[in-house]
Amino acid sequence: MTIQCISISFSVPSVSKPGGLQAWKGSKHKDWQLLRLRAKACDKLQLTSAHWVGDRNTCLFKIWSKISTHTIRSSVLVSAKKDAERFHHHSENEVHVRPEIHGRKTRPGRPEPASPPDHILFQGFNWESHSKHSWYTDLKGKVCDLAIAGITDVWLPPPSQSVDKQGYLPSQLYNLDQSFYGNETELKDLIDELHEHGICCIADIVINHRSGWRQDSAGHWNIFEGGTPDKRLDWGPWAVVDNDIYDSGGKGHHDSGESYGAAPDLDHTSKQVQDELTDWLNWLKAEIGFDGWRFDFVKGYAPTYTQLYCERTNPTFAVGELWTSLSYVNGRLAGNQNFHRQQLCDWIDGTNACSCAFDFTTKGILQAALQGEHWRLRDDHGKPSGLIGWYPQKAVTFVDNHDTGSTQRHWNFPDEKVLLGYVYIITHPGMPCVFYDHYFYWGLKEQIKNLLELRKVHHINANSKVTIQAAESDIYVANINDQLIVKIGPRFEMGPFLPDLEVWTMVLSGSDFAIWENTRPPPIDTTPEVAPFEQITDVGVKIAAEVPSPNVHLKITENMSCETINRILEEAPDLVENSSEINQSKRECIRRNFDDAKDTAKGKKIDEE
C-alpha cells in the first residue's frame with residue numbers, strides 16, 4: 001500500500017512479525033523515518049501521540065485521514081491533468097462533433113448523449129444569475145471546466161421572455177431576445193460551446209402556467225401572444241383551466257393537477273395547446289439546439305402530458321420537478337418516508353418512464369441524517385431510504401438548487417454539511433446534479449471534481465448496487481458495487497466497519513468522511529470472444545451463423561477464394577489449423593489479385609482499341 005503527497009511516496013510494510021506496530025514505529029525503522037519526513041513535507045500536517053493509539057489498522061487509518069485532508073491520490077491528479085490537456089490542446093482524444101445545419105446555419109452537431117445510467121447534471125444558474133448580463137456569455141467561459149469535470153448535461157434557465165426576471169412566469173415563448181439571461185444569439189453561442197465539448201443542453205420548460213400578454217374585456221390576464229408575426233401560441237381564455245385559483249377567467253377544462261396561483265394554469269387537455277407546445281419544444285431543439293428538458297412544477301398537470309411531450313419531441317434526457325412535502329411528526333421529520341418516494345415513483349410511472357424525477361426524498365432525508373441521525377439513510381429493508389432505494393435509474397439526486405438554496409434558501413442544505421451531501425450523492429446510485437453555487441462560489445470545485453473522477457474511474461452509475469454496512473446515529477458505511485467503501489459521520493473509531501487495508505486503499509477523506517477503493521484487479525473473463533460469421537442464403541439475405549465453439553478449427557485450402565482467406569485471417573486467425581501455410585496463402589492471394597488486375601487492364605485496353 002502506498003501513501004503519497006505531492007511527489008513523495010513510500011510503502012507501509014505489512015506488520016506481522018513479533019513486536020508488530022511497536023517495532024515498525026521504532027525510530028530506526030526506515031519506513032517510520034520516511035513517514036516522519038513525509039508528514040513534514042505536507043503543509044501544516046502534524047502527527048501527535050494520539051495518532052499511534054490502537055491496533056495497526058486503526059493507527060494507519062488515523063494517519064491516512066490526516067494525510068488525505070491535504071492530499072489526494074496521485075492517479076486522480078494524473079487523470080485530471082490528462083483531461084485538462086485533452087480540452088486545452090488538439091489531440092487524438094479531443095471531442096469531435098460533426099457539424100450539422102440547425103438554427104439556419106452550420107453549427108456544431110449534437111454530441112452523443114450519455115447512456116441512461118451515466119448522466120451527470122450541472123445546474124448552470126442560480127436565483128440571481130439574471131442580474132449578470134449576459135449570463136449566457138459568462139457561463140460560456142466556464143464550459144471547458146465543466147467538460148473536464150465529466151459533466152454530461154447542463155441545465156440552463158428558462159429561455160423565454162417572462163414577467164419575472166428569473167423566467168418562471170413566461171409569456172412570449174418564442175421570444176428569446178428579451179430574456180434577462182441574454183439574447184437568442186448568445187444562447188446559441190453557449191449551446192454551440194457546450195456541444196463542442198460533448199455536453200448536452202437541458203432547457204427549463206415552464207408549461208404548467210403562462211402569463212397573459214394583455215387583459216380581456218373583463219380585466220382577466222388571459223390573452224396570450226407567442227412572440228412571432230404569425231398566430232403561433234396566440235391563445236385566449238379557452239387555453240386556461242376553468243377552476244384556476246388565479247383569477248384568470250379560464251374557459252377550458254378542469255385542471256389535471258395542482259393550481260399554481262401566480263399565473264393562469266394551462267389546459268393541457270386541449271389539442272391545440274398540446275400541438276402548439278409540441279411545435280415550440282421541437283423548435284427549441286431544431287432551431288436553438290437544446291437536447292433535453294427539465295419540466296418545472298409538474299405537480300400542476302397530469303404526468304400523462306409529460307409523457308406526451310417527451311414522446312413527441314424525443315429528448316436525450318428529461319427530468320421533472322415534483323416537489324411535495326415530506327412526512328413530519330410533531331414538527332420532526334418522520335423516520336419513514338415511503339409515502340413521499342411512492343409519489344415520485346407514481347409520477348415517473350405516469351410518464352411511462354419517459355422522464356426522471358428529482359429525488360426530493362433523498363435530499364430531505366440526507367440533510368436531516370447528517371445532523372447526527374445517520375440511521376435515516378437505511379430503510380427497513382437495508383436499502384437507501386430515498387427514491388434511489390426504489391427507482392435509482394430514474395432518480396436525479398441533488399444537494400440544493402435555485403429554489404432550495406441560492407439566495408432563496410427555501411429548504412437549504414446545512415451549509416457546513418454541503419460537501420458531505422456531495423460525497424453521498426456522487427458515490428451512490430441515481431444521477432447526481434451539481435449546483436452552480438457550490439461548484440463556483442463555495443470553493444468546492446476541486447473536491448467535487450475528485451468525487452466525480454472516482455465515480456467515473458469505478459463506473460458508478462444509476463444502477464450501482466449499494467450494500468449498507470452501518471447506519472447509526474454517528475456513522476454511515478456503505479459498499480458501492482464492491483468498488484468503493486464510503487464512510488460518513490463523526491465517529492472516528494470504525495471498529496468492525498474498517499475496510500481490510502490489504503484490499504482497500506483510502507483515496508479521499510476530509511472532515512467526517514473517508515472513501516476507500518478496491519485495489520483487487522477485476523476478474524479476468526476467460527470466455528473466448530469469437531465474432532459470428534455472416535452467411536449468404538440462397539435469396540441473398542445475410543444471417544448470423546452459429547458462433548464456433550472453442551474446439552472448432554479451420555483449414556485454409558487451395559480452392560478457397562482470396563476473399564475467403566482474407567476474411568478468415570482477419571476474423572478468426574486463432575482458429576486456423578494450418579498456421580504454417582498462412583504466409584504462403586497470403587502470397588498466393590496477392591499473386592492472384594495481381595494477375596486479375598492485369599487481365600482486367602488488358603481487357604479494358606482491347607475494348608478501347
Side-chain angles (χ1 to χ4, degrees), residues 84 87-89 94-95 97 99-100 102-111 120-206 227 283-294 296 401-402 405-407 433-445 448-449:
F87 286 104
H88 285 294
H89 304 285
E94 187 173 359
V95 176
V97 181
E100 65 179 31
H102 65 103
R104 300 179 183 177
K105 67 176 183 179
T106 302
R107 298 169 60 188
R110 301 176 193 278
I120 298 175
L121 276 71
F122 182 86
Q123 182 175 358
F125 64 100
N126 59 33
W127 191 247
E128 305 298 334
S129 296
H130 62 84
S131 62
K132 189 170 184 178
H133 200 80
S134 154
W135 183 255
Y136 296 145
T137 302
D138 183 77
L139 185 59
K140 179 182 175 182
K142 298 178 171 65
V143 169
C144 183
D145 198 350
L146 299 178
I148 292 172
I151 300 299
T152 65
D153 302 80
V154 169
W155 160 23
L156 298 178
S160 302
Q161 178 272 336
S162 177
V163 171
D164 69 325
K165 294 181 179 181
Q166 289 79 13
Y168 289 96
L169 295 174
S171 184
Q172 292 186 334
L173 297 183
Y174 279 102
N175 181 358
L176 308 189
D177 282 326
Q178 293 186 29
S179 166
F180 284 89
Y181 299 102
N183 59 41
E184 181 177 318
T185 299
E186 293 165 337
L187 173 58
K188 288 181 178 178
D189 289 343
L190 169 59
I191 291 175
D192 288 349
E193 185 74 8
L194 288 163
H195 282 172
E196 285 181 342
H197 285 79
I199 300 175
C200 291
C201 306
I202 309 300
D204 202 325
I205 303 301
V206 185
W283 175 81
L284 287 177
K285 285 189 65 177
E287 182 76 13
I288 307 305
F290 281 108
D291 304 289
W293 319 126
R294 177 265 183 185
D296 179 67
N401 60 31
H402 62 292
S406 191
T407 55
C433 181
V434 178
F435 185 37
Y436 183 95
D437 289 10
H438 297 153
Y439 192 81
F440 286 114
Y441 291 163
W442 285 49
L444 300 178
K445 179 193 295 187
I448 293 174
K449 275 186 178 180

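Since the model is a prediction, treat every value here as computed from it, not as a measurement.
Proximity of R294 to L121: side-chain heavy atoms (C-beta onward) are nowhere separated by under 4.5 Å. F435 has its side chain within reach of S406: a pair of non-hydrogen atoms, C-beta onward, lies under 4.5 Å apart. Counting heavy atoms from C-beta outward, Y436 and L139 have side chains that approach closer than 4.5 Å. Residues I202 and F122 fail the side-chain proximity criterion, which asks for heavy atoms closer than 4.5 Å. Annotation: side chain of Y136 is in contact with side chain of P159 (closest heavy-atom distance under 4.5 Å). In this structure, W293 and K285 have side chains that are in contact, with non-hydrogen atoms separated by less than 4.5 Å. Put simply, the side chain of S160 does not reach to within 4.5 Å of the side chain of N175, judged on heavy atoms. Using a 4.5 Å cut-off on side-chain heavy atoms (C-beta onward), S129 and Y181 make contact.
Side-chain atoms of S179 do not come within 3.5 Å of backbone N or O of L176 as any donor-acceptor pair. Under the 3.5 Å distance criterion, the side-chain polar atoms of Q161 are matched with a main-chain donor or acceptor of Q172. Using a distance-only test at 3.5 Å, with no hydrogens or angles considered, no donor-acceptor pair links the side chain of W127 to the main chain of Q166.
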List the steps, then state whether side chain to side chain contact (heavy atoms under 4.5 Å, CB included) holds for C200 with R110.
CA-CA 7 Å; C200 291; R110 301 176 193 278; over 6 Å; no

Does the side chain to side chain contact (heavy atoms under 4.5 Å, CB included) test come out yes or no for K142 and K140, once each step is laid out?
CA-CA 5 Å; K142 298 178 171 65; K140 179 182 175 182; over 6 Å; no

Walk me through it: do Y441 and N126 pass the test side-chain hydrogen bond (donor to acceptor under 3.5 Å, both in side chains)?
CA-CA 11 Å; Y441 291 163; N126 59 33; 4.5 Å; no

Derivation and outcome, side chain to side chain contact (heavy atoms under 4.5 Å, CB included), residues L146 and F440:
CA-CA 11 Å; L146 299 178; F440 286 114; 4.0 Å; yes

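A parallel orientation is assigned to the rings of Y168 and H402, their planes being inclined by less than 30° (bins at 30° and 60°).
To the nearest 0.5 Å, atoms CD1 (I288) and CG (L190) are separated by 12.0 Å. Summarising the geometry, atom SG belonging to C201 is positioned 13.5 Å from atom NZ belonging to K188; distances are rounded to the nearest 0.5 Å. Taking CD1 of I191 as the reference point, atom CZ of F290 lies at 4.0 Å (rounded to 0.5 Å). The distance from atom CD of Q123 to atom CG of N401, rounded to the nearest 0.5 Å, is 5.5 Å. For the atom pair R107 CZ and D192 CG, the distance stands at 4.0 Å (nearest 0.5 Å). Distance NZ/K449 to CD1/I148: 5.5 Å, rounded to 0.5 Å.
By the side-chain contact (heavy atoms from CB on, under 4.5 Å) test, N183 is found to be paired with D177, T185, E186, residues two or more places apart in sequence or in another chain being considered. In this structure, D189 has no salt bridge (Lys or Arg N to Asp or Glu O under 4.0 Å) partners at least two apart in sequence or on a different chain.
In this structure, F125 has its ring center no closer than 6.0 Å to that of W135.
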Could you list the donor-acceptor pairs under 3.5 angstrom formed between side-chain atoms of residues 151-158 and any protein atom two or more places apart in sequence or on another chain?
unit_1 : atom_1 : unit_2 : atom_2 : d
T152   : OG1    : I120   : N      : 2.8
T152   : OG1    : I120   : O      : 3.2
D153   : OD1    : H119   : ND1    : 2.7
W155   : NE1    : D204   : OD2    : 3.0

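Of all heavy-atom pairs spanning S134 and G182, the tightest one is OG-CA, 3.8 Å.
Judged purely by distance below 3.5 Å, without hydrogens or angles, the side chains of D291 and H195 pair a donor atom with an acceptor atom.
The environment of K165 atom NZ is sparse: at most 12 non-hydrogen atoms of other residues, nucleotides or ligands sit within 6.0 angstrom.
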